[in-house]
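Side-chain atoms are counted along with the backbone in the values below, which use heavy atoms only and exclude waters and symmetry mates. Worth saying up front: this structure is predicted, and the values here are computed from it rather than measured.
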Amino acid sequence: MAHVNVFDTTLRDGEQSAGVNLNRLEKVEIAKQLERLGVDIMEAGFPASSQADFEAVKEIADTVKGCSVTGLARANKRDIDIAWEALKGGAEPRLHVFIATSPIHMTHKLKKTPEEVTQTAVEMVSYAKEKFAHVQFSAEDALRSDREFLVHIIEKVIDAGASVINLPDTVGYTTPDEIGRLFRYVREHVPNIDRAILSTHNHDDLGMAVSNSLAAIESGARQIEGTINGIGERAGNAALEEIAVALKIRQDRFDFSTNLVLKEIKRTSDLVSRLTGMMVPGNKAVVGRNAFAHESGIHQDGMLKDASTYEIITPAMVGIDSSQMVLGKHSGRHAFKQRAEELGFELSESKLKEAFDSFKVLTGKKKEVTDEDLFAILTDTQTENEDQPKYELKAFQVQYGSINRPTATVLLTNPDGEEVEKANTGEGSVEAIYNTLDDLIDADVHLQDYQLSSIGKGRDALAEVHVQLTVDGVKASGRGSAQDVLEASAHAFLNAVNRTLYQVKRQSGYQKMQV
């Protein structure tokens, strides 16, 4: 079987999804899970874009040793130099440098001639090769580029030192037969193509990203790029979990292998969904909650007789275990720690104590604490910045009646450690809490989106709230979970505010460092 490298860009292209804003700790947590999943290359971010991204990429490169960590750079020396500083501590640092090659991009965005684009690409790949052992060159909007020009620039950048050539469908425009023809054309017409690996990167604007990726592999691509759950700009990217399972299930058609550990798929999907706030649709292939649900009586009858009648993927293959360990109020710290490790969390002693304390509080309210509950507690604890001054909810009370206007009273501690308290009203209970929080917070805050879901099943399931705000004009996302919907709502609001205030502070410091 031919091997195909998996290039994960969840932390870069995936984070460019509208409303997604991962902090450093969240990025590191996802990176460690991607390492467990078995990706070959992990694009950790765009180091030159901000101080926060630089620090996250650097920590990931210094932490993750089981795969190659890369960062994105435009075709200029400043981006390349900053990327090197972030990535040089990695086990196998590599650079992903790009420039647009389609007529529409070169004319309207770059305002450069094809000759100028080629010269820039060659110079910057050559410059990057002086620092990085592996340089990947991406011809942005390759699928709408002139084929002869593509062949020309690819040959030149390979001579300059590029070892991977990426031909992205940047706008999700192509079809499987078209992308297949392009990859075959490049293989047949670039004389030095044997010195580089061809990579495919597909967006899902027309819903064909996975199909296009598979077609590219059949036509010579030996690296696939995508994201977990298919997240990304606009309609997203090719979903890596779907490609991986398709290669496994349809080995009769696709004689290719990857290093992905398929049983880690569900946990990776859940972690990315929770930290990004992008819920996985119920009918999502491979990881949706209905992917293994059977409602039809005919289907149920067939499943009872032989699961293969209607199920081509077993839940166990992607890490869905029908049996869950349930912890309760009598469970001790040792059992809690063991289960946390089994779920893939490596907590410091202080983080373990914090998570265990939260677990004990929950057992006082809920008879059985499931893995889903533990996952929520552990994720929130692991990704919380302990040293960050923040607004913290101390107490709240809501008065509500069908004939009375809801009133919320909230007690907070502010970033200076002072306790502040106010009350306000709203058309509903959540609005009353948010109006009160807005009064208490020293910033201009506006709610853009509010999403409520449950963690697990039953009347005592945890509520999970995701919000999108603007804080002094800066977009922010936040999440909160609690057994009470109103408490979860308050935590989500404060989480978004705290994350943004910290981000603005770090970005301000970064800008002062720039020349």
(message) Quick check: do I60 and K27 have side-chain heavy atoms less than 4.5 Å from each other?
(response) yes
Could you list the donor-acceptor pairs under 3.5 angstrom formed between side-chain atoms of residues 238-247 and any protein atom two or more places apart in sequence or on another chain?
{"unit_1": "E241", "atom_1": "OE1", "unit_2": "N229", "atom_2": "N", "d": "3.0"}
{"unit_1": "E241", "atom_1": "OE2", "unit_2": "N229", "atom_2": "N", "d": "3.3"}
{"unit_1": "E241", "atom_1": "OE2", "unit_2": "K284", "atom_2": "NZ", "d": "2.6"}
{"unit_1": "E242", "atom_1": "OE2", "unit_2": "K284", "atom_2": "NZ", "d": "2.7"}

(message) Quick check: do H466 and D449 have side-chain heavy atoms less than 4.5 Å from each other?
(response) no
(request) Could you tell me which non-hydrogen atom of A61 sits nearest to which non-hydrogen atom of A86, and how far apart they are? (result) CB-O, 3.7 Å
(message) Using side-chain hydrogen bond (donor to acceptor under 3.5 Å, both in side chains), reason through N290 and N283 one step at a time and then give a plain yes or no.
(response) CA-CA 5 Å; N290 293 340; N283 64 334; over 6 Å; no
(request) Measure the shortest side-chain to side-chain distance between D444 and V471 over non-hydrogen atoms and say whether it is less than 4.5 angstrom. (result) no
(request) For side chain to side chain contact (heavy atoms under 4.5 Å, CB included), just list the numbers for V465 and Q451, CA-CA rounded to whole Å, side-chain angles, deciding distance to a tenth of an Å, and then say yes or no. (result) CA-CA 6 Å; V465 172; Q451 296 180 30; over 6 Å; no
(request) List the steps, then state whether side chain to side chain contact (heavy atoms under 4.5 Å, CB included) holds for E392 with L494. (result) CA-CA 7 Å; E392 188 171 357; L494 291 174; over 6 Å; no
(request) For S489 and Y450, test the side chains for any donor-to-acceptor distance below 3.5 angstrom and give the result as yes or no. (result) yes
(message) If I take atom CG from residue D442 and atom CG from residue D472, how far apart are they, to the nearest 0.5 angstrom?
(response) 8.0 Å
(message) Once rounded to the nearest 0.5 Å, what's the spacing between atom NZ of K365 and atom CG of L462?
(response) 9.5 Å
(message) Is the positively charged end of R267 above the ring of F345, judged by distance under 6.0 angstrom from the centroid and angle within 45° of the axis?
(response) yes
(message) Tell me if a side-chain donor or acceptor on S17 pairs with a main-chain N or O of G14 at a distance below 3.5 Å.
(response) yes
(message) Taking D439 first and then K422, would you say they form a salt bridge - that is, a charged N and a carboxylate O separated by under 4.0 Å?
(response) no
(request) Please determine if E35 and K32 form a salt bridge, counting it only when a charged side-chain N lies under 4.0 Å from a carboxylate O. (result) no
(message) Are there over 12 heavy-atom neighbours, none belonging to K360, within less than 6.0 Å of that residue's NZ?
(response) yes
(request) Compute whether any side-chain donor of one residue and acceptor of the other, for R479 and T276, lie under 3.5 angstrom apart. (result) no
(request) Before giving the answer on side chain to side chain contact (heavy atoms under 4.5 Å, CB included), spell out for T470 and V474 the whole-Å C-alpha distance, their side-chain angles and the decisive distance to 0.1 Å. (result) CA-CA 5 Å; T470 58; V474 178; over 6 Å; no
(message) How about NZ on K248, more than 12 heavy atoms from neighbouring residues, nucleotides or ligands closer than 6.0 Å, or not?
(response) no
(request) Kindly indicate, with the supporting measurements, whether the criterion salt bridge (Lys or Arg N to Asp or Glu O under 4.0 Å) is fulfilled by R24 and E59. (result) CA-CA 8 Å; R24 178 179 57 84; E59 184 166 347; 2.5 Å; yes
(message) Here's a test for you: under side-chain contact (heavy atoms from CB on, under 4.5 Å), which of I455, D460, V361 qualifies with Q483?
(response) D460
(request) Return the minimal non-hydrogen interatomic distance between D438 and V445, and the atom names on each side. (result) OD2-O, 3.6 Å
(message) Contact between S429 and I433 at the side-chain level, heavy atoms closer than 4.5 Å - yes or no?
(response) no
(request) Check whether any side-chain N or O of T383 sits under 3.5 Å from a backbone N or O of E26 as a donor-acceptor pair, and report yes or no. (result) no
(request) Search all heavy atoms of G89 against all heavy atoms of K65 and return the closest pair with its distance. (result) O-NZ, 2.8 Å
(message) I'd like to know if the side chain of E29 pairs up with that of Q33 as donor and acceptor (distance under 3.5 Å, no hydrogens or angles considered).
(response) no
(request) State whether the side chain of N424 and the backbone N or O of A432 hold a donor-acceptor pair below 3.5 Å, judged by distance alone. (result) no
(request) Search all heavy atoms of A463 against all heavy atoms of L452 and return the closest pair with its distance. (result) CB-CD1, 4.2 Å
(request) List the atom of A18, the atom of Q468, and the distance in Å for their closest heavy-atom pair. (result) O-NE2, 4.2 Å
(request) Would you check if the side chain of D53 reaches a backbone N or O of G45 as a donor-acceptor pair within less than 3.5 Å? (result) no
(message) Give me the atom names and distance for the closest heavy-atom approach of L72 to P47.
(response) O-CD, 3.5 Å
(request) Would you mind reporting whether I265 and L262 have side-chain heavy atoms less than 4.5 Å apart? (result) yes
(request) Starting at CD of Q448, measure out to OG of S477 and round the result to the nearest 0.5 Å. (result) 12.5 Å
(message) Within the supplied structure, the quantity of interest is the number of heavy atoms (other residues, nucleotides, ligands) at a distance under 6.0 Å from E341 CD; does it exceed 12?
(response) yes
(request) Mind checking the NZ-OG spacing from K353 to S358? Nearest 0.5 Å is all I need. (result) 10.0 Å
(message) For a 4.5 angstrom cut-off between non-hydrogen side-chain atoms, does L411 reach F396?
(response) no
(message) If I take atom NZ from residue K109 and atom CG from residue D141, how far apart are they, to the nearest 0.5 angstrom?
(response) 8.0 Å
(message) Less than 4.5 Å apart, side chain to side chain, heavy atoms only: is that true for E421 and T409?
(response) yes
(message) Under 3.5 Å, is there a donor on one side chain and an acceptor on the other for Q136 and Q223?
(response) yes
(message) Let me confirm one number: the CD-CD distance from E233 to E15, rounded to the nearest 0.5 Å.
(response) 11.0 Å
(request) For the residue pair D169 and D205, establish whether any side-chain heavy-atom pair is separated by less than 4.5 Å. (result) no
(request) Please test D371 against R339 for salt bridge (Lys or Arg N to Asp or Glu O under 4.0 Å), starting from the C-alpha separation and ending with a verdict. (result) CA-CA 9 Å; D371 282 350; R339 190 55 186 153; 2.4 Å; yes
(request) Check for a donor-acceptor pair, side chain of N404 on one end and backbone N or O of Y400 on the other, with a separation under 3.5 Å. (result) no
(message) Determine whether a donor-acceptor pair (N or O, by modelled atom type, separation under 3.5 Å) exists between the side chain of S273 and the backbone of M278.
(response) yes
(message) Please tell me whether S213 and N202 have a donor and an acceptor in their side chains that are separated by less than 3.5 angstrom.
(response) yes
(request) Give a yes-or-no answer on whether the side chains of R94 and T70 include a donor-acceptor pair shorter than 3.5 Å. (result) no
For residues 5-13, tabulate all N or O donor-acceptor pairs below 3.5 Å that involve a side-chain atom, not counting sequence neighbours.
{"unit_1": "N5", "atom_1": "OD1", "unit_2": "H3", "atom_2": "NE2", "d": "3.2"}
{"unit_1": "D8", "atom_1": "OD1", "unit_2": "T10", "atom_2": "N", "d": "2.9"}
{"unit_1": "D8", "atom_1": "OD1", "unit_2": "T10", "atom_2": "OG1", "d": "3.1"}
{"unit_1": "D8", "atom_1": "OD2", "unit_2": "T10", "atom_2": "OG1", "d": "2.9"}
{"unit_1": "T9", "atom_1": "OG1", "unit_2": "D13", "atom_2": "N", "d": "3.1"}
{"unit_1": "T9", "atom_1": "OG1", "unit_2": "E43", "atom_2": "OE1", "d": "2.7"}
{"unit_1": "T10", "atom_1": "OG1", "unit_2": "I228", "atom_2": "N", "d": "2.9"}
{"unit_1": "R12", "atom_1": "NE", "unit_2": "E43", "atom_2": "OE1", "d": "3.1"}
{"unit_1": "R12", "atom_1": "NH1", "unit_2": "Q16", "atom_2": "OE1", "d": "3.0"}
{"unit_1": "R12", "atom_1": "NH2", "unit_2": "E43", "atom_2": "OE1", "d": "3.4"}
{"unit_1": "D13", "atom_1": "OD2", "unit_2": "H201", "atom_2": "NE2", "d": "3.1"}
{"unit_1": "D13", "atom_1": "OD2", "unit_2": "H203", "atom_2": "NE2", "d": "3.4"}

(message) Under the criterion side chain to side chain contact (heavy atoms under 4.5 Å, CB included), I'd like the reasoning laid out for L22 against I30: C-alpha separation, chi angles, the key distance, then a yes or no.
(response) CA-CA 10 Å; L22 298 168; I30 291 175; 3.9 Å; yes
(request) Using the salt bridge (Lys or Arg N to Asp or Glu O under 4.0 Å) rule, take K390 and E384 through it: C-alpha gap first, then chi angles, then the decisive distance, then the call. (result) CA-CA 11 Å; K390 59 188 175 182; E384 182 181 3; 2.3 Å; yes
(request) Consider only side-chain N and O atoms of T370 and D373, and report whether a donor and an acceptor are under 3.5 Å apart. (result) yes
